[in-house]
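A note on names: the letters A, B, ... follow the listed sequences, proteins ahead of strands, and every chain is numbered from 1. Both backbone and side-chain heavy atoms feed into the values below; hydrogens, waters and symmetry mates do not.
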Amino acid sequence: MQALLRLSRQGGSLRQIQSSGLSVAFARAYASHELTVRDALNSALDEELARDDSVFVLGEEVGEYQGAYKITRGLLQKYGAERIRDTPITEAGFTGIATGAAMAGLRPVCEFMTFNFAMQAIDQIINSAAKTLYMSAGTIPVPIVFRGPNGAAAGVAAQHSQCYGAWYSHVPGLKVIAPYDAEDARGLLKASIRDPDPVVFLENEILYGQAFPVDDKVLDKDFVLPIGKCKIQKEGTDITLVGFGRCVGHNLKAAAELEKAGISAEVINVRSLKPLDRDTIVNSVKKTHRVLALEEGWPQCGFCAEIIAVVNEECFDDLDAPPERVTGAEVPMPYAANLEAAALPTPADVVKVAKRMLGK
Amino acid sequence: MDFPGGKAMDAVFYDSQRQGRFSFYMTSGGEEATAVGTAAALQPEDVIFSQYREHGVLLHRGFTLQEFAHQCFGNKHEPGKGRQMPIHYGSKALNFHTVSAPLATQLPHAVGAAYALKLQGVKACTAAYFGEGAASEGDFHAAANFASTLGAPVLFICRNNGYAISTPATEQYKGDGIAGRGASYGMASTRVDGGDARAVYAATAEARQIAVAGGCPVLIEAMSYRSGHHSTSDDSSRYRTADEMRRWRARDPVERMQKWMTHQGWWDEEQEKELRQSSRKQVVEALQIAQKEDKPPLSCMFTDVYADLPWHLKEQQAEVADFVRRHPEMLPAGMPNDL
């Protein structure tokens, strides 16, 4: 574990601390280490492979090449080619193989080079993995983790930049996780591998290399986070900002900006898109009376649409302003840097809408 | 019992569906020898991933006529809790996976399960059944290629029955059938008369030996003919001639088996007649019992979506329970309430 950690360096950690919106004082007092999301995922896989012989990893380039994004670095050397299995290039194939192996009692971790490519395997994920427990009357569990980068990366255009959060969270039988920081990545991946149900684990390429401060408990080999619970990433009193994955970072930046205008924003890191922790969101909105949901995906039938529906169902009378959403533009992702930037929501968009909601 | 039981079940269940007693049925006439012959050569620990026309395998493994009937009616005795449509049988106890309806998806599952057997050190194989039409799905290629590269002990058992609904095999592929593809995956392959139970048995026994001992897949193409319609939603007289059907029915695999047994002096007309009559009686009784039984209770709507009921389903279940408590008159007829 220590090898994976870099001790906190003043410069690096300050940048991260500022960008994540945490106060410097907090970080100095509690954060003794920092850990990248990549290392958090890698160490989580390593520990779960060591803990349980039935866990194995399969996907394209997960072995010799150490993963397209190096999430499986070092694992082939440690666990061998039968448990870190490079596969032929057929998404529908290795997803089906993973599903069959899970039906037979193993715990596969199925890596997609990106979730865009999982579209070729979505029948196996939805019709087989998600539904088999129900169709077999509870006799055939499918404990499996489908993981890989999701959402927009940088400069890779339409077929590599799409968020599948809303797609998978629509499906009964699936659990859908989206980590934000290193703590989330470690605790939620370990929980997902141990979970008895199929889990879709949506990572973000841009966050892989980001380092976050973590304390000792996060580094414990038995550190797991509960699936189905939000985290209040920052407390506030005037407006609730809801998001998952990279959007949590955007919301934290927006909250720091809003603070300067005298607005106290509460930032909720959703962590689990399904099951969705309605209570934490609703309790926050009852306190702040305003909610703004943020996602990089498309608006129609999206994650934000669900959050707004939840708020309308559960606490409409507590609202002092109509709930609002900030989402990606409803177009395939363009490549040109200017158009790409314009298609994605930014912290500035959140600040603008939040101020409007508060009449400032 | 596997042959006459299956024949009687097909005849009675088919008519029953046509009378509107349940929603769907598929017969396996013309292909009985493929199902029963392969099943007889497998061991109980071998795991079956079927398509939907292999109830002979289940019969052979001991699934009872009553269990078939319960499943088709989706009643409370049905081990699948009424979730799957008719004929999508499954039995954990008999190592028979619940039928996966999207064609050929069961093939990668069988490979994954075989890889699991290999990692677990179990000396057994999986058997994946499919038709020559399903072999056109991408999942067939994926499964065959993965089985070879992973070294997974799988028997790919193709029932080449000449038709995918109305599409004849001649329009399904132009190469040398399905067995001809095996070599290109580096897989031992064989073609066998699917109407000859003994030939199917011999081929499967040999294939199993190769797969289990060698840790590799084997492909069997069993040539036969779908004597009946594709399903209860089909009328095959619209796309094939009466003459063609007559010619094939003259080669009925069950009659071939019966004649051979009679020739050996092990069986006679009288015994055959008796067994057919008693099978039919058993099937009719099973159907009558299954139809009268209660349907699954309301709780079966919510359980098994996840291993543990998550809060949102608990909440939805509680809302339903509360509603039927307050408005018992709104509970639909035939809905046992256990909430």
Side-chain angles (χ1 to χ4, degrees), chain A residues 53-54 56 58 82-83 85-106 108 120-121 123-124 126-144 171-175 195-198 227-228 272 274-279, chain B residues 47 49 78-85 88 90-93 97-102 104-120 122 126 128 137-139 141-152 154 296 300 303-308 310-313 315:
Chain A
D53 284 347
S54 68
F56 78 108
L58 80 170
E82 287 204 327
R83 292 184 69 198
R85 188 79 213 195
D86 277 329
T87 68
I89 307 171
T90 322
E91 274 74 13
F94 66 74
T95 307
I97 269 94
T99 303
M103 289 170 170
L106 298 185
Q120 294 189 317
D123 174 69
Q124 287 287 0
I126 293 176
N127 268 321
S128 291
K131 295 179 185 174
T132 291
L133 184 72
Y134 193 73
M135 295 194 305
S136 69
T139 61
I140 303 174
V142 187
I144 184 168
V171 182
L174 292 179
K175 290 175 176 168
D195 197 87
D197 296 309
I227 288 173
S272 284
K274 192 180 191 82
L276 180 64
D277 176 7
R278 287 181 164 216
D279 289 349
Chain B
V47 186
F49 290 82
E78 199 269 292
K81 300 186 186 170
R83 268 80 178 261
Q84 284 270 48
M85 66 184 284
H88 288 53
S91 171
K92 177 106 172 167
H97 274 259
T98 182
V99 171
S100 181
T105 49
Q106 75 277 15
L107 305 183
H109 298 167
V111 179
Y115 189 60
L117 291 174
K118 181 177 168 174
L119 293 196
Q120 291 157 349
V122 180
T126 63
E137 291 278 6
D139 273 353
H141 159 71
N145 195 38
F146 275 77
S148 266
T149 54
L150 292 171
V154 193
C300 287
T303 50
D304 307 320
V305 180
Y306 297 94
D308 300 307
W311 69 265
H312 67 281
L313 290 180
E315 200 176 278

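- With a 4.5 angstrom heavy-atom cutoff, B:L117 does not touch chain A via any of its atoms.
- Using a 4.5 Å cut-off between heavy atoms, A:R278 touches chain B through backbone and side chain atoms alike.
- A donor and an acceptor atom, one from each side chain of A:T99 and A:S128, are nowhere located under 3.5 Å apart.
- Using modelled atom types, no side-chain atom of A:T132 and backbone atom of A:A129 make a donor-acceptor pair closer than 3.5 Å.
- With a 4.5 Å cut-off on non-hydrogen atoms, B:S91 does not touch chain A at all.
- A:E82 touches chain B through backbone and side chain together, each having a heavy atom under 4.5 Å away.
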Applying side-chain contact (heavy atoms from CB on, under 4.5 Å), run through A:D53 and A:R83 and close with a yes or a no.
-> CA-CA 9 Å; A:D53 284 347; A:R83 292 184 69 198; 4.0 Å; yes
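- Residue contact with chain A, scored on non-hydrogen atoms closer than 4.5 Å, is absent for B:E78.
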Checking side-chain contact (heavy atoms from CB on, under 4.5 Å) for the pair B:T303/B:K81: CA distance, chi angles, key distance, verdict?
-> CA-CA 10 Å; B:T303 50; B:K81 300 186 186 170; 4.1 Å; yes
Go through the steps to decide whether B:R83 and B:D304 satisfy the test side-chain contact (heavy atoms from CB on, under 4.5 Å), and finish with yes or no.
-> CA-CA 10 Å; B:R83 268 80 178 261; B:D304 307 320; 3.0 Å; yes
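- Heavy atoms closer than 4.5 Å to chain B are found in the backbone of A:L174, but not in its side chain.
- Heavy atoms of A:A98 lying under 4.5 Å from chain B are absent altogether.
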Full working for side-chain contact (heavy atoms from CB on, under 4.5 Å) between B:H97 and B:H109 = CA-CA 10 Å; B:H97 274 259; B:H109 298 167; over 6 Å; no
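- You'll find the ring centres of B:Y115 and A:F56 inside the 6.0 Å limit.
- For chain B, the nearby part of A:K274 is the side chain; its heavy atoms alone come within less than 4.5 Å.
- For B:P310, the part lying under 4.5 angstrom from a heavy atom of chain A is the side chain only.
- At a 4.5 Å heavy-atom cutoff, the contact between B:T105 and chain A is made by backbone and side-chain atoms alike.
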